[in-house]
Amino acid sequence: MFNFSFDKRMVYIIIAIMILSTIAQYITNPGALFALLVSVPGVLLAITFHEFAHGFAAYKLGDNTAKNEGRLSLNPLDHLDPIGTLMLLFAGFGWGKPVHVNPINYTRKISMEKGEAIVSVAGPLTNILLAILLALGYEAFVKFASIEFLLSTVGNIIKLMMGTAISINIGLGIFNLIPLPPLDGSKIIMPFLPYNAKQWFKNNEQIFYIIFVVIWITGIASVIISPAINGVTSGIMAISKAIFG
C-alpha cells in the first residue's frame, strides 16, 4: 500500500497515542468494543485483497517480485502490517505490508510510469469492487433469509459484519486515492501531470509526506474524503437494493 521514507519514530509515537486513546474509550464503552470485534473480518478482507491486487497487477505486467516474495496470496498473514492493521482497527484507516515491485520488469508495451499507475490503482479499485460484491451479498442475505433469522442475534451480527466490511473497503479504497505520498493516489496521477509538474512533485516529495502526516493526525483527511465515502456507499447500496428489489 504505502511506505514512509522518513524517520518513522514520530509517526509511531502519534499512532501509539491514538491507539491508547481509542483503547481507553473501548474499555469504558462495551458497545464500541463489540463494534471493533465486528470490524475484524472487514479489515482482514480489505488489507488482504488490496495488497494482493498490487502484487497481481505487477505480475501481469511482467514483474515477478511480489510472486517471488510470496505476496500473490490471499492469506491475510502474508499482508498484515502490525501498525497499519492497528490503525485500520482503531482509527478507521491504515495500511498493509508494502508490496515490493520492480517497474524495470514491466512490459515495454507501456511506460514504467503508466505501469506504476496501473499497479497503484489496482489496490483501491479492488477494494471498491469488493465493496460492491459485499453489498450485493448483503442485499441478497436480507432478501432471502427468513425474518426469524434476520432478527436473531446471529443474523444481526452477520449484517453488522457485512455492513462494516463494506464501509471499511470503501474507506480504504478512497483514502488511498488521495494524491499525496505515500498513498497510491500520488502514483496514479503521475502520467497525467506535465513534465515540469512531475519534476516539482518528485523534488518536493518530503514536503508532501509532511502534509500527509498533518492532514492525517488533525483529522482533515477524514473531512476531505468523508463526502466521497458517503456518496460511493450510498450509490453502491442503492444499486444493490435496486437489483434485489
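- The minimum heavy-atom distance linking V99 with A66 is given by the pair CG1-CB, 3.7 Å.
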Output a table of donor-acceptor pairs, distance under 3.5 Å, between side-chain atoms of residues 133-145 and any protein atom two or more places apart or on a different chain; print 'none' if there are none.
| from | atom 1 | to | atom 2 | distance (Å) |
| --- | --- | --- | --- | --- |
| K143 | NZ | F244 | O | 3.4 |

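- Note: F56 and F52 have parallel aromatic rings, judged against thresholds of 30 and 60 degrees for the angle between ring planes.
- Interatomic distance, CG of L172 versus CG of L45, reported as 11.5 Å (0.5 Å rounding).
- Under the 4.5 Å side-chain heavy-atom criterion for ILVMFWY residues, a single connected hydrophobic cluster contains both I207 and F212.
- Across all non-hydrogen atoms, the minimal contact from S73 to G70 is CB-O, 3.7 Å.
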Worked check of side-chain hydrogen bond (donor to acceptor under 3.5 Å, both in side chains) between D184 and H50: CA-CA 11 Å; D184 296 324; H50 185 106; 3.1 Å; yes
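- Looking at N156 and T153, their side chains never come closer than 4.5 Å, going by heavy atoms from C-beta outward.
- Inter-residue side-chain proximity for T233 and N230 is flagged as unmet; no heavy-atom pair is nearer than 4.5 Å.
- Scanning both residues, G173 and P124, for their nearest heavy atoms gives O-CB, 3.4 Å.
- In this structure, F49 and L44 have side chains that are not in contact, with every pair of non-hydrogen atoms separated by 4.5 Å or more.
- Taking both residues in full, the closest heavy atoms of A53 and A122 are given as CB-O, 3.4 Å, listed atom of the first, atom of the second, then distance.
- Counting heavy-atom neighbours within 6.0 Å of Y59 OH, excluding the residue itself, gives a total of 12 or less.
- A distance of 5.5 Å separates CG of N68 from CG of N64, quoted to the nearest 0.5 Å.
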Working for side-chain contact (heavy atoms from CB on, under 4.5 Å), residues E51 and R71: CA-CA 8 Å; E51 299 304 337; R71 301 302 300 279; 3.8 Å; yes
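- Within the model, atoms CD1 of I147 and CG of L150 stand 5.5 Å from one another, a figure rounded to the nearest 0.5 Å.
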Pair F201-I189, side-chain contact (heavy atoms from CB on, under 4.5 Å): steps then yes or no: CA-CA 11 Å; F201 199 95; I189 66 169; 4.1 Å; yes
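- Atom CD1 in I128 sits 5.5 Å away from atom CD1 in I236 (nearest 0.5 Å).
- Applying the side chain to side chain donor-acceptor pair (under 3.5 Å) rule to pairs touching residues 108-125 yields E113-K198, sequence neighbours excluded.
- For the pair I178 and A221, the tightest heavy-atom approach, listed with the atom from each and the gap, is CD1-CB, 4.5 Å.
- Under a hydrophobic-cluster definition in which Ile, Leu, Val, Met, Phe, Trp and Tyr are linked whenever side-chain heavy atoms come within less than 4.5 Å, directly or via other members, I110 and M112 are assigned to different clusters.
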I47 vs L80, side-chain contact (heavy atoms from CB on, under 4.5 Å): CA-CA, chis, key distance, verdict: CA-CA 7 Å; I47 291 180; L80 297 183; 3.9 Å; yes
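- When the side chains of ILVMFWY residues are joined at heavy-atom separations under 4.5 Å, either directly or via intervening members, I211 and W200 end up in a single hydrophobic cluster.
- More than 12 heavy atoms of other residues, nucleotides or ligands sit less than 6.0 Å from atom CG of L151.
- Using a 4.5 Å heavy-atom threshold, the side chains of S186 and L180 count as separate.
- Using a 4.5 Å heavy-atom threshold, the side chains of K60 and I118 count as separate.
- The shortest side-chain heavy-atom distance between V232 and I174 falls under the 4.5 Å cut-off.
- Rounding to the nearest 0.5 Å gives a distance of 10.5 Å between CG of N204 and CD1 of I210.
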Verdict with supporting geometry, T164 and M161, side-chain contact (heavy atoms from CB on, under 4.5 Å): CA-CA 5 Å; T164 303; M161 283 180 145; 5.9 Å; no
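- To the nearest 0.5 angstrom, S226 atom OG is 9.5 Å from I224 atom CD1.
- Residues L72 and L130 share a hydrophobic cluster, clusters being chains of Ile/Leu/Val/Met/Phe/Trp/Tyr side chains in contact below 4.5 Å.
- Taken together through direct or relayed side-chain contacts under 4.5 Å among Ile, Leu, Val, Met, Phe, Trp and Tyr, L193 and I188 form parts of separate hydrophobic clusters.
- Looking at every heavy atom in both residues, I168 comes nearest to A46 through CG2-CB, 3.8 Å.
- Side-chain contact of T65 with D63: a donor-acceptor pair under 3.5 Å is present, judged by distance alone.
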